[in-house]
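As the structure is a prediction and not an experimental result, all values here were calculated from the model. Each residue takes its place number in the sequence, starting with 1.
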Amino acid sequence: MFKLIDGKAHSAAIRVEIKERVQSLKSENNCEVGLAVVLVGSDPASQVYVRNKIKGCEEVGIKSYAYYLPEEVTQAQVEELVTELVQNGKIHGILVQLPLPEHLDSQKILSLIPRAKDVDGFCEENIGNLCMNRNCLVACTPNGVMKMLEREGIAVKGKNAVVIGRSNIVGKPMAMLLLNADATVTVCHSKTVNLKEVCKNADILVAAIGKAKFVTADMVKKGAVIIDVGMNRDENGKLCGDVDFENVKDNCSYITPVPGGVGPMTITMLLYNTVTAAERSLTNE
């Protein structure tokens, strides 16, 4: 019998802890935690994400600063805004909502954000520190996965972990976090040979490729832990993950649903990173 990993419940519990930390900073250090969110253009999905991030801030007491820029904004204008936010002492975290319009150099813009305010965990210094298992701000989605495993009491040390997907946002940092937690990690991708056999060896299987119901029952080891990071639409337009949930669930010991699994943890870990950045700003970490 499998157990459903309830991302909503874990997220709600962590937000209570974040709210207490935010209140403590305000009462003990007169520090109001601030997060700046920059949105360029009118992409509907990005607008929804930004609204949810602002709503999350309100819930835990973080002051949000939202900046909405037109689609035709220039590279220089975005860089100028980000530079101002970096220099603003009231802002502890800066998030530039991706993807940016094609005419903008997103890598150059993101490189302006110093590691101390990089609450997305995307900058080269934070990624480098993650690779060396040093203290850093970690990409929100994979960090959320690790928090769920920890809170469920799922042992990672010594386990075979397989990550399907090698993106800079999820796959690679996910693999590094699992490796840092003493798992034996394999990263699979579109060029992997014998993918099914590799996945079948996983005690912990993380699917993060963006292909609806890609992971099927014959790819899953009996009793494995299945983490579904995907967010897709099936043939009926219904939300689904990268895992064929109905057919896989009876093969595994734990599984995350879509929606309601990894998704709620992503914004929660953004809030977690922001309050962590604020705390570190007081000690110049």
Side-chain angles (χ1 to χ4, degrees), residues 2 4-12 14-15 37 39 41-56 95-100 106 119-122 138-149 152 162-175 177-178 187-190 195 199 202 204-217 219-220 224-249 252 254-273:
F2 70 92
L4 207 63
I5 300 177
D6 188 344
K8 288 183 179 178
H10 286 303
S11 174
I14 293 170
R15 288 192 186 200
V37 182
L39 175 62
S42 55
D43 177 70
S46 291
Q47 289 179 329
V48 170
Y49 290 141
V50 167
R51 279 200 301 271
N52 287 339
K53 287 164 184 173
I54 292 171
K55 185 179 176 183
L95 183 149
V96 177
Q97 184 65 43
L98 301 176
L100 291 173
S106 57
V119 286
D120 257 337
F122 290 166
V138 180
C140 300
T141 299
N143 205 15
V145 170
M146 296 303 291
K147 290 290 182 188
M148 286 199 298
L149 292 173
E152 289 285 345
V162 172
V163 179
I164 312 176
R166 54 177 170 179
S167 72
N168 292 330
I169 294 172
V170 178
K172 289 177 183 175
M174 186 77 254
L177 284 168
L178 288 163
V187 179
C188 297
H189 45 79
S190 60
L195 176 64
C199 292
I204 301 170
L205 180 62
V206 182
I209 50 167
K211 290 186 177 181
K213 302 181 181 180
F214 179 84
V215 176
T216 50
M219 298 170 68
V220 175
V225 175
I226 308 297
I227 305 294
D228 192 347
V229 182
M231 185 66 75
N232 315 291
R233 297 277 177 182
D234 65 13
E235 60 277 6
N236 300 314
K238 186 180 177 183
L239 272 178
C240 68
D242 290 350
V243 176
D244 188 351
F245 182 89
E246 289 302 323
N247 290 315
V248 167
K249 63 182 183 181
C252 59
Y254 291 84
I255 188 168
T256 60
V258 176
V262 176
M265 292 294 291
T266 299
I267 291 178
T268 295
M269 296 317 294
L270 171 69
L271 306 175
Y272 178 95
N273 280 350

**Asked** Near Phe2 CZ, under 6.0 Å, is it more than 12 heavy atoms from other residues, nucleotides or ligands?
**Response** yes
**With Ser11 via side chain to side chain donor-acceptor pair (under 3.5 Å) - residues at least two apart** = Thr268
**Item:** Step-by-step side-chain contact (heavy atoms from CB on, under 4.5 Å) determination, Met174 to Met146
**Value:** CA-CA 8 Å; Met174 186 77 254; Met146 296 303 291; 3.5 Å; yes
**Request:** Rounded to the nearest 0.5 Å, what's the gap from CD1 on Ile227 to OH on Tyr254? Could you check?
**Result:** 10.5 Å
**Item:** From Lys53 atom NZ to Thr266 atom OG1, the distance as rounded to the nearest 0.5 Å
**Value:** 9.0 Å
**Request:** Evaluate the side-chain proximity of Pro264 to Pro259: yes if any heavy-atom separation is below 4.5 Å, no if none is.
**Result:** no
**Side chain to side chain, Val225 and Leu149, heavy atoms closer than 4.5 Å** = yes
**Request:** Could you tell me which non-hydrogen atom of Asn236 sits nearest to which non-hydrogen atom of Asp234, and how far apart they are?
**Result:** N-OD1, 2.8 Å
**Item:** Leu95 backbone acceptor or donor facing Asp120 side chain under 3.5 Å
**Value:** no
**Asked** For Val163 and Gly171, which heavy atoms make the closest approach, and how far apart are they?
**Response** CG1-O, 3.8 Å
**Message:** How long is the straight-line distance from CZ of Arg15 back to NE2 of His10, given to the nearest 0.5 Å?
**Reply:** 14.5 Å
**Request:** Give the intermediate values and the outcome of side-chain contact (heavy atoms from CB on, under 4.5 Å) for residues Glu235 and Lys213.
**Result:** CA-CA 11 Å; Glu235 60 277 6; Lys213 302 181 181 180; 4.2 Å; yes
**Prompt:** Are any non-hydrogen side-chain atoms of Ser106 and Val96 less than 4.5 angstrom apart?
**Reply:** no
**side-chain contact (heavy atoms from CB on, under 4.5 Å) between Gln97 and Asp43, worked out** = CA-CA 10 Å; Gln97 184 65 43; Asp43 177 70; over 6 Å; no
**Fill in**
To the nearest 0.5 Å, atom CD1 of Ile169 lies from atom CZ of Phe122 at 4.5 Å
**Single hit among Asn143, Ile14, Thr256 for side-chain contact (heavy atoms from CB on, under 4.5 Å) with Met148** = Thr256
**Request:** Count the heavy atoms of every other residue, nucleotide or ligand shown that sit under 6.0 Å from NZ of Lys8, and state whether that count exceeds 12.
**Result:** no
**Item:** side-chain contact (heavy atoms from CB on, under 4.5 Å) between Ser167 and Lys172, intermediate numbers included
**Value:** CA-CA 6 Å; Ser167 72; Lys172 289 177 183 175; over 6 Å; no
**Fill in**
What one should report as the nearest heavy-atom pair of Ala202 and Val162 is CB-CG2, 3.5 Å
**Asked** So among Val187, Leu205, Val243, which one has a side-chain contact (heavy atoms from CB on, under 4.5 Å) with Ile164?
**Response** Leu205
**Prompt:** What pair of heavy atoms forms the shortest contact from Cys188 to Leu195, and how long is it?
**Reply:** CB-CD1, 3.5 Å
**Fill in**
Of Val215, Ile204, Asp242, Val220, the one forming a side-chain contact (heavy atoms from CB on, under 4.5 Å) with Ile226 is Val220
**Request:** Check whether any side-chain N or O of Asn273 sits under 3.5 Å from a backbone N or O of Val119 as a donor-acceptor pair, and report yes or no.
**Result:** yes
**Asp228 versus Val262, closest heavy-atom pair with distance** = O-CG2, 3.5 Å
**Prompt:** In Å and rounded to the nearest 0.5 Å, what is the SG to CZ distance from Cys240 to Phe214?
**Reply:** 13.5 Å
**Item:** Interatomic distance, Lys238 atom NZ to Arg233 atom CZ [nearest 0.5 angstrom]
**Value:** 11.0 Å
**Complete:** Tightest non-hydrogen contact, residues Leu239 and Met231, listed as CD2-SD, 3.4 Å
**Prompt:** For Gly241, does its backbone N or O pair with a side-chain atom of Asn232 as donor and acceptor, under 3.5 Å?
**Reply:** yes
